[in-house]
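Report on the structure given below.
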Amino acid sequence: MPTLRLLTYNVRSLRDDNAALARVIQSVEPHVVCVQEAPRFARWRSKRAALARRSGLVVASGIRDPANMLLCSLAVDVLAEHPIALGKLPGDGERFARGATLAVLRLGGCRVAVASVHLDLREGSRQRHAAELRAAIAARIDDDIPVVIAGDINDDPGSTAWQSLERQGRDAWVAAGTGDGFTSTAARPRRRIDAVFVDPRLRVVSASVPDQPDVRVASDHRPVFAEIELCAPRQCPA
């Protein structure tokens, strides 16, 4: 059974050391990178393409998303893309509408849906968006396709938004993590606010936070790397 190598990373709109960022991504040899705070202003398409090129990957999904995207290796087939808009209400206090990038991928003959999401800074909006994301996935993805959600949750484990996403999938860090798992900030990591949530039909092989010197200058977040064993749903543990 193939093992998906997935990295989730808030890249802060490429405002830091882009060469270091590419080296961090390359260091884990990912099949998929879930990117949050992708470039979204001047020359954003070329900046996203440049990040993919430096990382040895291609832009697989997210051209229609204002802040999220998926990068993939050539070993991954992109079968479908589903941009998701999350609701914005008066008082949310955000300059832009939140969303998520969802795609159905195939690796080694196995299908998996992967979503990259960046939740709101406000607690009420985070809770609402987590529920909206789960509903949008249920409406777009067939029941026989396992789902992985990865991103910047902007909250801590045990919070309402975090628990909502755990109803979609297991926290990869709880399942197979090593170390403290802290991702914020990159220079002084004290909080675990970035995560990967894995469909319970899939097995999490490992979860880790890269910690080489490049991580401290590539972004204001540290990434989360997870290895996830893919399989047909009927073969997966309950």
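We use all heavy atoms of the structure for the numbers below, so side chains are in, but hydrogens, waters and symmetry mates are not.
- Using a 4.5 Å heavy-atom cutoff, the side chains of Val28 and Phe225 are in contact.
- Of the N and O atoms on the side chains of Gln26 and Ser55, not one donor lies less than 3.5 Å from an acceptor on the other residue.
- Within 6.0 Å of CZ in Arg167 there are more than 12 heavy atoms belonging to other residues, nucleotides or ligands.
- Closest non-hydrogen pair, Ala172 versus Ala207, comes out as O-CB, 3.6 Å.
- At a cut-off of 3.5 Å, with distance as the only test, a side-chain donor of Gln212 or Ser27 sits close to an acceptor on the other residue.
- Across every non-hydrogen atom of Ser116 and Leu70, the tightest pair is CB-CD2, 3.9 Å.
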List the steps, then state whether side chain to side chain contact (heavy atoms under 4.5 Å, CB included) holds for Leu105 with Leu79.
CA-CA 6 Å; Leu105 310 175; Leu79 305 181; over 6 Å; no
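- By the 4.5 Å heavy-atom criterion applied to side chains, Phe197 and Ile153 are counted as neighbours.
- Val32 places a side-chain heavy atom less than 4.5 Å from the side chain of Leu4.
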Test Ile25 against Leu51 for side chain to side chain contact (heavy atoms under 4.5 Å, CB included), laying out the working first.
CA-CA 10 Å; Ile25 293 173; Leu51 174 61; 4.2 Å; yes
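- Salt bridge Arg192/Asp171: present, at least one basic N to carboxylate O contact under 4.0 Å.
- Residues Glu227 and Arg5 are paired through a salt bridge, judged by an N-O separation under 4.0 Å between the basic side chain and the carboxylate.
- Side chains of Gln36 and Asn68: no donor on one and acceptor on the other come within 3.5 Å.
- Nearest approach of Pro146 to Asp199, heavy atoms of both residues: CA-OD2, 3.2 Å.
- The heavy-atom pair separating Trp162 from Asp155 by the smallest distance is CZ3-O, 3.4 Å.
- Looking at Thr3 and Glu229, their side chains never bring a donor and an acceptor atom within 3.5 Å of each other.
- Residues Cys34 and Leu6 have side chains in contact (heavy-atom distance under 4.5 Å, counting atoms from C-beta outward).
- Closest approach of Asp214 and Ala20 over heavy atoms only: OD1-CB, 3.6 Å.
- Thr185 contributes atom OG1, which lies 7.5 Å from atom CZ of Arg190 (distance to the nearest 0.5 angstrom).
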I would like to know whether Glu123 and Arg126 meet side chain to side chain contact (heavy atoms under 4.5 Å, CB included); could you show each step before the answer?
CA-CA 5 Å; Glu123 182 178 2; Arg126 283 196 301 274; 3.6 Å; yes
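- Ionic pairing of Arg128 and Glu132 is present here: one or more N-O contacts between side-chain nitrogen and carboxylate oxygen are shorter than 4.0 angstrom.
- Across all non-hydrogen atoms, the minimal contact from Ala176 to Val205 is CB-O, 3.8 Å.
- Under 3.5 Å, the side chains of Arg98 and Ser125 contain no donor-acceptor pair of N or O atoms.
- Of the residues Ile193, Val11, Thr8, the one that meets the side-chain contact (heavy atoms from CB on, under 4.5 Å) test with His221 is Ile193.
- Judged by distance alone, with hydrogens and angles left aside, the side-chain atoms of Arg111 form no donor-acceptor pair with the main-chain N or O of Val104 at under 3.5 Å.
- Here the OG-CD distance, from Ser61 to Glu81, works out to 3.0 Å after rounding to the nearest 0.5 Å.
- Summarising the geometry, atom OG belonging to Ser13 is positioned 12.5 Å from atom CH2 belonging to Trp44; distances are rounded to the nearest 0.5 Å.
- A heavy-atom distance below 4.5 Å is not found between the side chains of Arg12 and Leu14.
- In summary, of the residues considered (Asp211, Asp16, Asp17), a salt bridge (Lys or Arg N to Asp or Glu O under 4.0 Å) with Arg216 occurs for Asp211 alone.
- Taking CG of Leu21 as the start and CZ of Arg15 as the end, the distance is 13.0 Å to the nearest 0.5 Å.
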Is there a side chain to side chain contact (heavy atoms under 4.5 Å, CB included) between Val112 and Val147? Walk through the geometry before answering.
CA-CA 6 Å; Val112 61; Val147 176; over 6 Å; no
